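A short worksheet on the structure shown next.
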Amino acid sequence: MATRSTRPPRSPQPPGPIRWVAVFRNATSGSWRPAAESPDRTPVLYAIGEMAQAVRARGEEVAVDLWGPGENGEWARFDPTPASPETSAPAASATPAAPTNPAASTAVGPGVGHARHVERMEDRRHQVIMAGLSRAGLYDLAAEDVTAVRTLVDHVDEATLRRIAHWMAVAAGPVE
C-alpha cells in the first residue's frame with residue numbers, strides 16, 4: 001500500500017528576471033501564485049510573515065516557497081522559515097510608534113477611560129515585542145509563538161519588553 005504525502009508539491013520557478021519572490025499555494029485550487037517580490041530579501045520575508053498570519057487566521061494551512069538569486073546567479077529556492085541562517089536577517093524598519101488619539105482617552109462612563117488606557121498600553125507592549133521579533137528576523141509566528149507573545153504582553157511591563165526587544169535586535173546583528 002503506497003502512502004501519500006500531505007505536503008503539497010514544490011512551487012514552479014517564478015517567471016521573469018531573478019529577484020526575491022514569495023510564492024504561496026492556494027489550497028482550494030492547488031495552484032501556486034507569486035504573492036510578494038522585491039530586489040531585496042527583507043521586504044519579501046516580512047510579507048511572508050504577514051500573509052502567513054492572514055492565511056492562518058482564515059483557518060487554512062500555509063504553504064510558501066521563497067525564490068531568489070542563487071550563488072551562480074540563477075534562480076534558487078530558499079527556506080522561508082526564519083530559523084534558517086540565510087533568512088535570519090533583521091528587519092530594517094523602526095519600532096512603530098503607538099497611535100495617539102486624544103478622543104480615545106475621553107471617558108464616556110465610569111471605568112471606561114481606565115479600560116481604554118489599559119487596552120492602549122497592551123497594544124503598545126504588543127507592538128514593542130513584535131518589532132523586536134521582526135528585527136530578529138522572526139516574521140512568521142506559529143500558534144505557540146503567538147501565545148508566548150500574549151503571555152509576555154499580559155505579564156511584563158513595557159520598559160522590560162523594550163529591553164527584551166533591544167536584546168533581540170542586537171542578537172540578530174547586521175547583515176554582512
Side-chain angles (χ1 to χ4, degrees), residues 6-14 16 18-70 75-99 122-154 156 158 160-176:
T6 58
R7 177 167 167 54
R10 301 301 293 213
S11 69
Q13 176 180 307
I18 297 175
R19 65 217 178 272
W20 290 101
V21 180
V23 185
F24 276 79
R25 183 170 187 271
N26 183 336
T28 56
S29 69
S31 64
W32 291 87
R33 67 174 182 86
E37 52 188 80
S38 173
D40 298 315
R41 184 183 195 142
T42 302
V44 175
L45 291 174
Y46 180 79
I48 287 173
E50 293 295 314
M51 289 183 235
Q53 287 178 356
V55 169
R56 285 194 187 106
R58 291 193 304 258
E60 298 175 13
E61 188 66 32
V62 176
V64 62
D65 275 343
L66 176 64
W67 287 86
W75 280 108
R77 184 181 288 126
F78 294 86
D79 183 6
T81 59
S84 71
E86 295 124 39
T87 61
S88 62
S93 65
T95 303
E122 285 178 1
D123 288 346
R124 284 177 54 146
R125 291 192 304 268
H126 188 265
Q127 285 178 336
V128 166
I129 197 69
M130 292 304 292
L133 290 169
S134 292
R135 286 185 184 155
L138 301 171
Y139 305 102
D140 183 18
L141 300 181
E144 59 270 7
D145 297 329
V146 172
T147 302
V149 167
R150 176 54 42 204
T151 302
L152 282 171
V153 168
D154 290 343
V156 179
E158 184 177 348
T160 304
L161 285 177
R162 286 191 184 279
R163 196 71 196 149
I164 292 169
H166 171 75
W167 293 338
M168 287 188 278
V170 169
V175 178
E176 295 180 18

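All values derive from a computational prediction rather than experimental measurement.
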For this session: Output all residues satisfying side chain to side chain contact (heavy atoms under 4.5 Å, CB included) with A142, sequence neighbours left out; order by chain, then residue number.
Result: E144, D145

Problem set entry | For S29, all residues meeting side-chain hydrogen bond (donor to acceptor under 3.5 Å, both in side chains), sequence neighbours excluded | S31

Exercise. Excluding sequence neighbours, so at least two apart, what forms side chain to side chain contact (heavy atoms under 4.5 Å, CB included) with V146?
Worked result: L141

For this session: For R19, enumerate each residue passing the salt bridge (Lys or Arg N to Asp or Glu O under 4.0 Å) test, keeping only those at least two apart in sequence or located in another chain.
Result: E37

For this session: Determine the minimum heavy-atom distance between A52 and V62, stating which atoms define it.
Result: O-CG2, 3.6 Å

Exercise. In chain order, what residues pass the salt bridge (Lys or Arg N to Asp or Glu O under 4.0 Å) check against E60, with sequence neighbours excluded?
Worked result: R58

Exercise. So how far is it from D40 CG to Y46 OH, rounded to the nearest 0.5 Å?
Worked result: 16.0 Å

Exercise. Just how far is it from atom CZ of R162 to atom CD1 of I129, taken to the nearest 0.5 Å?
Worked result: 11.0 Å

For this session: Work out which heavy atom in V44 is nearest to a heavy atom in A36; give both atom names and the distance.
Result: CG1-O, 4.3 Å

For this session: Heavy atoms only: give me the nearest F24-M51 pair and the separation to one decimal.
Result: CZ-CB, 3.6 Å

Problem set entry | Partners passing side chain to side chain contact (heavy atoms under 4.5 Å, CB included) against P69 (at least two apart in sequence or in another chain) | I18, W20

For this session: Could you tell me whether a side-chain N or O of R77 sits under 3.5 Å from a main-chain N or O of S11, the two making a donor and an acceptor?
Result: yes

Exercise. Quick one: side-chain hydrogen bond (donor to acceptor under 3.5 Å, both in side chains) partners of T160, sequence neighbours excluded?
Worked result: D157

Exercise. Mind checking what makes salt bridge (Lys or Arg N to Asp or Glu O under 4.0 Å) contact with R33, not counting sequence neighbours?
Worked result: none

For this session: Just jot down the side-chain hydrogen bond (donor to acceptor under 3.5 Å, both in side chains) partners of N26, sequence neighbours excluded, or say none.
Result: T28

Exercise. Looking at A76 and G70, what are the two nearest heavy atoms and their distance?
Worked result: CB-CA, 3.6 Å

Exercise. In Å and rounded to the nearest 0.5 Å, what is the CG to CG distance from D79 to D65?
Worked result: 9.5 Å

Problem set entry | Minimal non-hydrogen separation, E158 against V128, with atom names | OE2-CG2, 4.3 Å

For this session: Taking all heavy atoms of S38 and all of P43, pick out the closest pair and write down the distance.
Result: OG-CG, 3.9 Å

